[in-house]
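Order of the sequence lines sets the chain letters (A, B, ...), proteins ahead of strands, with each chain counted from 1. Note that these values count all heavy atoms, side chains included, but never hydrogens, waters or copies made by symmetry.
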Amino acid sequence: MPTTFILNGRPVTVQADPNSPLLWAIRDELNLKGTKFGCGKAACGACTLHVDGKAVRSCSYAVKFAEGKSITTIEGLSQEGKIHPVQQAWMEEIVPQCGYCQPGFMMATAAMLAEIPDPTDEDIDRNIVNVCRCATYYRMRKAIHRAAEISNTPS
Amino acid sequence: MTSQTSMRHRFLLTTFFLILSLGLGLAFAESLPEGISSPPQQAARLTSDDPFTTMMQVLTHKRCVNCHPNGDRPRQGEDSHYHNFNVQRGPDDHGVAGLQCSTCHQAENNDYAGVPGAPEWSLAPLEMYWEGLSRVEIARSMMDPARNGGRNLEETVKHLTEHKLVLWAWEPGVDAAGRPREVPPVPLEEYIQAVKAWAAAGAVIPES
């Protein structure tokens, strides 16, 4: 049964089994490889994307739940050719090491900043709980504060 | 020590404890207030198949109490450990901005990932905490409008017997290792009958 949803602003229809993870429909059927497979158990956060603006771990999110919803992946984070503050901050702080988990972190951070524009360290600890095997947490924390600064600075 | 001596010692010890327990029993009986010759009747009447007992066997089970925590962190698992990943209650009992309950928990179990799910997945509000309470304290909390979301008895019974998140306890799916989660010790239909029977009989909460 086909499932239709908005992906990065455009309507798409996938033929994937409605019970299969959205992650695989996006990576294999829609060929967007930015969203990563990590643990497959909603534990590491590498597969994080947005569903109607909220962070969701797509490895444990069945395709059928996406019907009619708006999905944003790391490829759709920048809007109208303008890089997202999180992406800008990640580059400025040279956050990634191997980089594999970073899209998930960036999507989780973007979801947090949408509701907590100026997060404290405690906010970051509570909201951003993804896993990075390279342990880039220290640089990510700096980048998150920097992203908030960029977001809150009038352009 | 010979076996004969050992037997003698055991006999003397047994006799000593027997006399001690009789003495303590008499002492407590003598100290009971006038007019009370035994423990409260309601407590004494309760048996393992009493509707209240049956109901509370479910409501004190981890499938219920894990999401009625005494604090801002949910519990999870058969050992009721704090929810992994520093999961927090958040402002509306649905998690924090970047880590909502729905970040992982959807409207149904995901047995491929071992992530449980049911409609309206959330924590019970803090005033409805059950963790650390006795069954009587849970029942009192459950019947207190200030701590039960303003529900009357009918609404409480409806929540206990019809809310899909409550009924999820009997279909909790499997964990991340594929092991089935433990269900409450009372079958669903028996539990529903017990809740209704308890409510119909006046929703009496025993002393203990």
Side-chain angles (χ1 to χ4, degrees), chain A residues 17-24 37-45 47-67 69 86 104-120 122-131 140 144 147, chain B residues 66-67 69 71-79 81-123 126 164-165 168 171-181:
Chain A
D17 183 319
N19 285 315
S20 66
L22 180 62
L23 171 64
W24 298 123
F37 173 79
C39 66
K41 296 178 178 180
C44 75
C47 63
T48 304
L49 42 66
H50 294 176
V51 176
D52 290 342
K54 305 287 187 188
V56 162
R57 295 183 173 184
S58 60
C59 74
S60 299
Y61 188 87
V63 165
K64 63 187 175 188
F65 293 133
E67 177 68 42
K69 300 211 170 113
V86 171
F105 270 99
M106 294 165 80
M107 296 307 285
T109 300
M112 175 185 69
L113 291 178
E115 293 195 34
I116 307 175
D118 193 13
T120 62
E122 189 182 8
D123 289 328
I124 293 170
D125 290 343
R126 289 184 169 187
N127 283 268
I128 309 301
V129 299
N130 296 23
V131 177
M140 274 190 277
I144 292 168
Chain B
N66 279 358
C67 287
D72 291 330
R73 298 177 66 189
R75 301 277 182 166
Q76 67 175 170
E78 307 307 324
D79 60 353
H81 58 265
Y82 280 124
H83 196 303
N84 292 338
F85 326 120
N86 192 28
V87 167
Q88 301 284 327
R89 172 185 298 280
D92 64 352
D93 307 313
H94 286 83
V96 292
L99 189 65
Q100 306 229 299
C101 299
S102 61
T103 295
C104 300
H105 300 283
Q106 310 309 326
E108 61 187 56
N109 293 330
N110 186 326
D111 286 347
Y112 301 106
V115 180
E120 301 179 43
W121 193 275
S122 71
L123 278 184
L126 184 55
K164 287 181 177 171
L165 185 52
W168 165 87
E171 291 183 358
V174 300
D175 66 14
R179 293 178 297 244
R181 288 190 180 83

* **Proximal component of D123(A), with respect to chain B [non-hydrogen, under 4.5 Å]** => neither
* Structure fact -> Under 4.5 Å to a heavy atom of chain B? For Y61(A) that would be both
* Asked: Is it the backbone or the side chain of N84(B) that comes under 4.5 Å from a heavy atom of chain A, or both, or neither?
  -> neither
* Structure fact -> Output for pair (C47(A) SG, N130(A) CG), nearest 0.5 Å, gives 8.5 Å
* Is a side-chain N or O of N110(B) found less than 3.5 angstrom from the main chain of S60(A), in a donor-acceptor match? -> yes
* **Interface residue of largest heavy-atom contact number with chain B, from A43(A), A108(A), S58(A), under 4.5 Å** => A43(A)
* Structure fact -> The interface call for V96(B) against chain A, heavy-atom contacts under 4.5 Å, is both
* Structure fact -> With P116(B) as partner, the option from Q106(B), E171(B), H105(B) fulfilling side-chain contact (heavy atoms from CB on, under 4.5 Å) is H105(B)
* Structure fact -> Between the SG atom in C59(A) and the OH atom in Y112(B), the distance rounded to the nearest 0.5 Å is 14.0 Å
* To do: Could you tell me which portion of A110(A) (side chain, backbone, both or neither) has an atom closer than 4.5 angstrom to a non-hydrogen atom of chain B?
  => neither
* Would you find a donor on one side and an acceptor on the other, under 3.5 Å apart, between the side chain of H50(A) and the backbone of M107(A)? -> yes
* Electrostatic pair K164(B):E108(B) at N-O distance under 4.0 angstrom -> no
* Could you tell me which of A55(A), A114(A), A111(A) has the largest number of non-hydrogen atom pairs under 4.5 Å with chain B? => A55(A)
